[in-house]
Amino acid sequence: FKRRHSKLINSSRLLYQEYSDVVLNKAIQSQKRVDYPEDIESSFPSSPRLRRKVLSPQDSYLQRLSVSSNASLWQDIPMIRGSRMLLNMSREEQRLQEAKFELIISEASYLRSLNVAVDHFQRSAELQAMLTNQERQWLFSRLSDVRDVSASFLFDLEEKFEEDMFNFHVCDVALKHAPDFRRVYLPYVTNQTYQEQTFQRLLNGNAGFQQVLERLESDPLCQRLSLKSFLILPFQRITRLKLLLQNILKRTGPGSEEEVQATQAYDALEKLIKDCNENVQRMKSTEELIYLSQKIEFECKIFPLISQSRRLVKCGELTALDFNNLSPKWKVTTRPIYLHLFNDCLLLSRPKEGGRFVVFDHAAFSDVRGEKCEMKLHGANKNLFRLFLLQNYQGKVEFLFRTETHSEKLRWISALAPPRGELDLLECPDAPQVQCIKTYKARENDELALEKADIIMVMQYSNDGWMEGVKLSDRERGWFPSEHVENISSKHVRQKNLKEEQRVKNAKQQVFCRK
């Protein structure tokens, strides 16, 4: 691969981590607009009537593109700002060009950070000496290949931009590079589990690695950013690239050739991200099943636990309540039962010492139901729910469980619910929406990982600070802590969010139904 020089690579003093933070904070602020459509329409600084401070003629082109507290704008380019073509463009046309330009300028910032990751960290002789060949592979994976693909992508984007600054296209370029994205991002993201484990092991058990890392991270080139922040960039970028393409798609003319290209590019990235997530989930599930198979013994009929299609949905120890109906006061006795809920079955176990389990009953997932229990008991017996086994190994078909918190009760009932079809957003126009203001990494399988500026439709709340919701961008469903989000109060903004997501869905149906 022959690396070609990018004209935008040094146009920003910020690395992608900080650039991305600025852009995401701006997106968060846009959701806080007051409930007036005209305010939202005029909030995007792309209209000639909303020009910012005019830069002097001697300011260079690259200076005009530098990223400050506000992300770079297409309209700030000298040839664009003073042109008649800009004045003749509608606001929607200007917004479309700004959305396309953001994809280019953000790729330049991303490549700059990748250069630091590869040249400063991965190729550091000091760091290399601390690692075995296997550790180097697990820690950096195909980061150099990711960098090379980004460089090629940016070069083609810049060529398109320079051909026609007023009406340039980027979605056809993204579609052309989609096979390269898949070639490098799929193995890089799939390696995520090994990367995290290797990094943590080296950090905790290799003093030399820690010392070298501290020296490298203190270099001004890193702008006080850690190696870990560089290693996770490809995960963040491929998701962000999909959202940038989605933003362009929302602004293209219905039925236009550009809409078709945007839809195809968006679909390619969406499928890639889905495959990446499935690979990570498959590896994680296999490791969980292997570990669990060593900890479980059956006193009922044994069935093989390890299966390629099986994944753990939720697990945990609950308190089962048993009533002695021979006693005049219905005395309640309790016992611990551990549940392992998989996508195809449920195991009920008695916990033993050393983290081991004895399975005394199991049922197919299709024969399991959970529902709220309105029974009121005295003392600590709150947060109750019923578990029904419609067809199981033993004769008992109903359990009454108590959880420690209200959210755990709701989460178990939700996890035990039958599979849901895809949510029709337009059928929920009045559903609350929140946006993520602080990244959340899912800790359990029923939780929803969140990135800043994600918009989530809330399905239910617990009284101890948890929410269950559906991300508008990919329809993923799960639980998350309320402290990581804030409410979107504007009804107009909520409706706009739903219409934009429906616009993307309609475009996909139109484009792929033509074939």
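Numbers here are sequence positions counted from 1. Atoms considered below: every heavy atom in the structure, side chains included; atoms not considered: hydrogens, waters and symmetry mates.
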Whether [Y] and [X] form a salt bridge (side-chain N of Lys/Arg under 4.0 Å from carboxylate O of Asp/Glu) is what I want to check.
{"X": "R475", "Y": "E501", "answer": "no"}
{"X": "R183", "Y": "D145", "answer": "no"}
{"X": "D267", "Y": "K271", "answer": "yes"}
{"X": "R224", "Y": "E217", "answer": "no"}
{"X": "E288", "Y": "R311", "answer": "no"}
{"X": "E408", "Y": "K314", "answer": "yes"}
{"X": "R411", "Y": "E468", "answer": "no"}
{"X": "E500", "Y": "K250", "answer": "yes"}
{"X": "K274", "Y": "D474", "answer": "no"}

Where is the tightest heavy-atom contact between [X] and [Y], given as atom of each residue plus distance?
{"X": "L143", "Y": "A117", "answer": "CD2-CB, 3.8 Å"}
{"X": "G469", "Y": "L448", "answer": "O-CD2, 3.9 Å"}
{"X": "A415", "Y": "L341", "answer": "O-CD2, 3.5 Å"}
{"X": "V434", "Y": "N487", "answer": "CG1-CA, 4.0 Å"}
{"X": "I273", "Y": "T239", "answer": "CD1-CA, 3.8 Å"}
{"X": "R335", "Y": "F399", "answer": "NH2-CE2, 3.9 Å"}

Can you confirm whether the side chains of [X] and [Y] place a donor and an acceptor under 3.5 Å from each other?
{"X": "S150", "Y": "E107", "result": "yes"}
{"X": "S106", "Y": "E102", "result": "no"}
{"X": "S141", "Y": "Q195", "result": "no"}

Would you say [X] has more than 12 foreign heavy atoms packed within less than 6.0 Å of its [atom1]?
{"X": "K228", "atom1": "NZ", "result": "no"}
{"X": "K176", "atom1": "NZ", "result": "no"}
{"X": "Q308", "atom1": "CD", "result": "no"}

By ring-ring contact (aromatic ring centres under 6.0 Å, His included) - contacts of Y338 (at least two apart):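 H340, F357.
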Distance-only, no hydrogens or angles: does the [X] side chain make a donor-acceptor pair with backbone N or O of [Y] under 3.5 Å?
{"X": "S229", "Y": "L225", "result": "no"}
{"X": "S218", "Y": "R215", "result": "yes"}
{"X": "N445", "Y": "L312", "result": "yes"}
{"X": "R142", "Y": "L186", "result": "no"}
{"X": "S152", "Y": "V149", "result": "no"}
{"X": "K471", "Y": "A449", "result": "yes"}
{"X": "R147", "Y": "L111", "result": "no"}
{"X": "S30", "Y": "A27", "result": "yes"}
{"X": "R123", "Y": "V118", "result": "no"}
{"X": "Q435", "Y": "I28", "result": "yes"}

Apply the test side chain to side chain contact (heavy atoms under 4.5 Å, CB included) to residues T198 and L202: give CA-CA distance (whole Å), side-chain angles for both, the deciding distance (0.1 Å), then the verdict. CA-CA 6 Å; T198 303; L202 289 168; 3.8 Å; yes
Using the rule given for ring pair (Phe, Tyr, Trp, His ring centres under 6.0 Å), can you reason through F181 versus F153, listing the C-alpha separation, both sets of side-chain angles and the distance that settles it, and then say yes or no? CA-CA 9 Å; F181 295 151; F153 180 44; 5.1 Å; yes
If we only count heavy atoms from C-beta on, is the [X] to [Y] side-chain gap below 4.5 Å?
{"X": "L450", "Y": "K441", "result": "no"}
{"X": "V470", "Y": "M459", "result": "yes"}
{"X": "P432", "Y": "M457", "result": "no"}
{"X": "F401", "Y": "C373", "result": "no"}
{"X": "L243", "Y": "N247", "result": "no"}
{"X": "F342", "Y": "L347", "result": "yes"}
{"X": "Q460", "Y": "L410", "result": "yes"}
{"X": "P481", "Y": "M467", "result": "no"}

Between S407 and D464, is the side chain to side chain donor-acceptor pair (under 3.5 Å) condition met? List the steps. CA-CA 6 Å; S407 58; D464 56 342; 2.9 Å; yes
Run the numbers on F235 and Y188 for ring pair (Phe, Tyr, Trp, His ring centres under 6.0 Å), then give the verdict. CA-CA 8 Å; F235 310 122; Y188 189 89; 5.5 Å; yes
Value rounded to 0.5 Å, distance of [atom1] in [X] from [atom2] in [Y]:
{"X": "K438", "Y": "F480", "atom1": "NZ", "atom2": "CZ", "result": "13.5 Å"}
{"X": "Y19", "Y": "L15", "atom1": "OH", "atom2": "CG", "result": "13.5 Å"}
{"X": "W466", "Y": "S482", "atom1": "CH2", "atom2": "OG", "result": "9.0 Å"}
{"X": "F298", "Y": "D361", "atom1": "CZ", "atom2": "CG", "result": "11.0 Å"}
{"X": "M283", "Y": "N191", "atom1": "CE", "atom2": "CG", "result": "7.0 Å"}
{"X": "L318", "Y": "L400", "atom1": "CG", "atom2": "CG", "result": "11.0 Å"}

Looking at residues at least two apart in the chain, or sitting in another chain, which of them share a side-chain hydrogen bond (donor to acceptor under 3.5 Å, both in side chains) with Q200?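 Not a single residue meets the side-chain hydrogen bond (donor to acceptor under 3.5 Å, both in side chains) criterion with Q200.
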List in chain and number order the residues that pass side-chain hydrogen bond (donor to acceptor under 3.5 Å, both in side chains) with Q122, two or more places apart in sequence or in another chain; answer none if no residue qualifies.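 Here the qualifying residues are S144.
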Go through R240 and L24 one step at a time and tell me if the side chain to side chain contact (heavy atoms under 4.5 Å, CB included) criterion holds. CA-CA 10 Å; R240 183 64 186 161; L24 293 176; 3.8 Å; yes
When you look at V493 and Q433, which way does the side chain to side chain contact (heavy atoms under 4.5 Å, CB included) test go after all the steps? CA-CA 10 Å; V493 173; Q433 292 178 22; 5.9 Å; no
Could you walk me through whether L416 and R369 pass side chain to side chain contact (heavy atoms under 4.5 Å, CB included), step by step? CA-CA 6 Å; L416 291 163; R369 292 290 181 273; over 6 Å; no
If you draw the axis of the six-membered ring of Y110, does the NZ or CZ of R237 fall within 45° of it and under 6.0 Å from the ring centre? yes
Classify the ring geometry between H484 and Y440 as parallel (under 30°), tilted (30 to 60°) or perpendicular (over 60°).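 Perpendicular.
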